[in-house]
Number of protein chains: 2
Amino acid sequence: MAVQGDRRTAILRCSADLFARQGVASTTVRQIADEVGVLSGSLYHHFPSKDAIVNEVVTAYLDLLLSRYREVMAVDRTPRERLEQLIAASLRVAESEPSATVVYQNEMSYIRELPQYEAVKAAAAEVQQTWLSVIEDGRADGSFRDDIDPRVFYRFVRDAVWLSVRWYRPEGPYTVERLAADCASIFLDGYAAFDPE
Amino acid sequence: MAVQGDRRTAILRCSADLFARQGVASTTVRQIADEVGVLSGSLYHHFPSKDAIVNEVVTAYLDLLLSRYREVMAVDRTPRERLEQLIAASLRVAESEPSATVVYQNEMSYIRELPQYEAVKAAAAEVQQTWLSVIEDGRADGSFRDDIDPRVFYRFVRDAVWLSVRWYRPEGPYTVERLAADCASIFLDGYAAFDPE
DNA sequence: GTCTATACTATGATAGAC
DNA sequence: GTCTATCATAGTATAGAC
């Protein structure tokens with residue numbers, strides 16, 4: 001049964017890579033089959049449709065992300081520390097699942113049309129709620145500014161964090177932990193030089 | 001000749017809207033023709049191919065953006081002011097050309113395969129060089145931090161700015177100028193509360 | 001400048017042999 | 001569980017009448 005699962009997993013992995021590189025709509029079932037090393041008809045033994053593959057790539061990704069967010073929220077920390085941890089957790093997930101991250105970021109219009117979209121929507125809502133609750137907590141205790149809408153701040157952070165999959169390469173000396181620290185520092189302390197007074 | 005240009009323009013506008021909503025690959029020439037109000041064969045009187053439409057949407061967009069950036073850089077200002085102006089100019093372009101902005105942000109993998117990609121690449125390089133020169137100037141004169149790579153800062157700002165087309169709606173009371181001010185304030189001063197000492 | 005009609009290709013998916 | 005063969009559909013693009 002390890003073997004049985006492997007082929008399924010290979011299909012998901014190859015699909016995610018192709019979806020991320022070319023877009024879901026431009027990726028054909030024949031390309032996926034080629035990459036896996038089977039013929040296109042064989043895919044339909046494992047999945048009922050191409051859309052089912054897309055759906056599983058996205059839901060597996062959101063499940064992983066949410067489990068990491070829940071770990072962060074399970075520990076008692078300040079809002080600032082939690083925000084730093086959410087950024088770091090997100091970047092680590094993006095590092096370990098770059099293709100699925102790209103698919104989720106780029107293919108929302110496709111995902112929205114999937115029959116199983118409601119489950120995705122619920123997970124996405126929990127993701128957003130996690131960030132917003134941390135930001136609201138920081139506003140409430142005075143550690144974050146109260147002159148800018150938390151939702152605006154959330155969206156800027158979210159987009160900057162997730163779009164890093166388009167350019168960040170974990171191979172170099174610039175580690176994901178350093179990237180996370182820089183990101184948190186810019187968003188919390190700003191890029192202007194600190195006033196030396 | 002006003003009429004002649006109008007149909008061409010209508011094709012470009014409708015195409016950009018559909019490309020932004022559904023993605024380029026998922027948009028068919030028949031859909032475009034429907035939206036314009038002609039039959040699909042008629043499109044080929046104005047454009048040699050669907051890809052030619054995509055190309056013109058993107059290049060017209062980059063031309064507009066670069067002309068705004070050049071206006072900003074033509075005036076003598078501090079790096080901080082210039083950064084604020086680049087953010088504001090970008091958000092104004094995103095407001096006036098939301099569909100083209102979305103297409104350019106979402107469809108890079110498609111655009112890269114176009115035969116005329118080199119021109120797009122050159123324009124994109126000038127965009128990036130504009131931002132980077134302003135950031136480097138700010139580092140040089142001590143108004144920006146020197147402990148974070150300018151390219152990292154640039155990418156965070158760029159992605160946060162451009163992805164705002166996915167969520168910002170100019171109809172409400174939250175104006176694009178206010179959005180630009182909030183964005184610049186977060187990225188330069190940070191979201192942490194100012195220390196009251 | 002637009003329409004009609006159609007050529008050609010590629011697509012997602014299926015049925016049945018192995 | 002995979003392959004062969006194929007269906008039905010939909011795609012871009014073209015030729016020529018109007």
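In what follows, chains are A, B, ... by sequence order, proteins preceding strands, each numbered from 1.
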B/E81 side chain to B/T78 main-chain N or O, any donor-acceptor pair under 3.5 Å?
yes

Does A/R7 put a side-chain nitrogen or oxygen below 4.0 Å from OP1 or OP2 of D/dT2?
yes

From the candidates D/dT2, C/dC3, D/dC3, the one with an atom nearest any side-chain atom of B/L39 is C/dC3

Counting just side-chain N and O atoms, does B/Y44 come under 4.0 Å of either OP1 or OP2 of D/dA13?
yes

Has the side chain of A/R30 got a donor or acceptor atom sitting under 3.5 Å from an opposite partner on the base of C/dG12?
yes

note: A/I11, atom CD1; C/dG12, atom C1'; distance rounded to Å ~ 15 Å

Need to verify one output field. Residue with the more 5' nearest nucleotide on DNA chain D, A/H45 or A/G41?
A/H45

What is the distance, rounded to the nearest whole Å, between atom CG of B/D51 and atom C1' of D/dG11?
13 Å

Gap between atoms CD1 and P, on B/I32 and D/dA13 respectively (whole Å):
10 Å

Establish, with yes or no, whether the OP1 or OP2 oxygen of C/dG1 is under 4.0 angstrom from a side-chain nitrogen or oxygen of B/S42.
no

Expressed as a whole number of angstroms, how long is the span from A/Q31:CD to C/dA10:P?
12 Å

Within this structure, what is the CG-to-C1' distance between A/D34 and C/dG12, rounded to whole angstrom?
15 Å

What I want to check is whether the side chains of B/W162 and B/Y104 have a donor and an acceptor closer together than 3.5 Å.
no

Compute the centroid of each ring, for B/Y191 and then for A/F153, and state whether the two points are separated by less than 6.0 Å.
yes

Expressed in angstrom and rounded to an integer, what is the separation of B/L43 atom CG from C/dT2 atom P?
9 Å

Donor + acceptor pair across side chains of B/D51, B/Y110 (<3.5 Å):
yes

Can you tell me which residue pairs pass the salt bridge (charged side-chain N to carboxylate O under 4.0 Å, His left out) test with a partner in residues 175-194 of chain A, sequence neighbours excluded?
A/R80-A/D189, A/R92-A/E177, A/R178-A/D182

Closest approach to the side chain of A/V38, judged atom by atom: which nucleotide of D/dT12, D/dC3, C/dA13 is it?
D/dC3

Just call it for B/S26: base, sugar-phosphate, or nothing, with non-hydrogen atoms closer than 4.0 Å on any strand.
nothing

Closest approach to the side chain of B/H46, judged atom by atom: which nucleotide of C/dG1, D/dA13, C/dC3 is it?
C/dG1

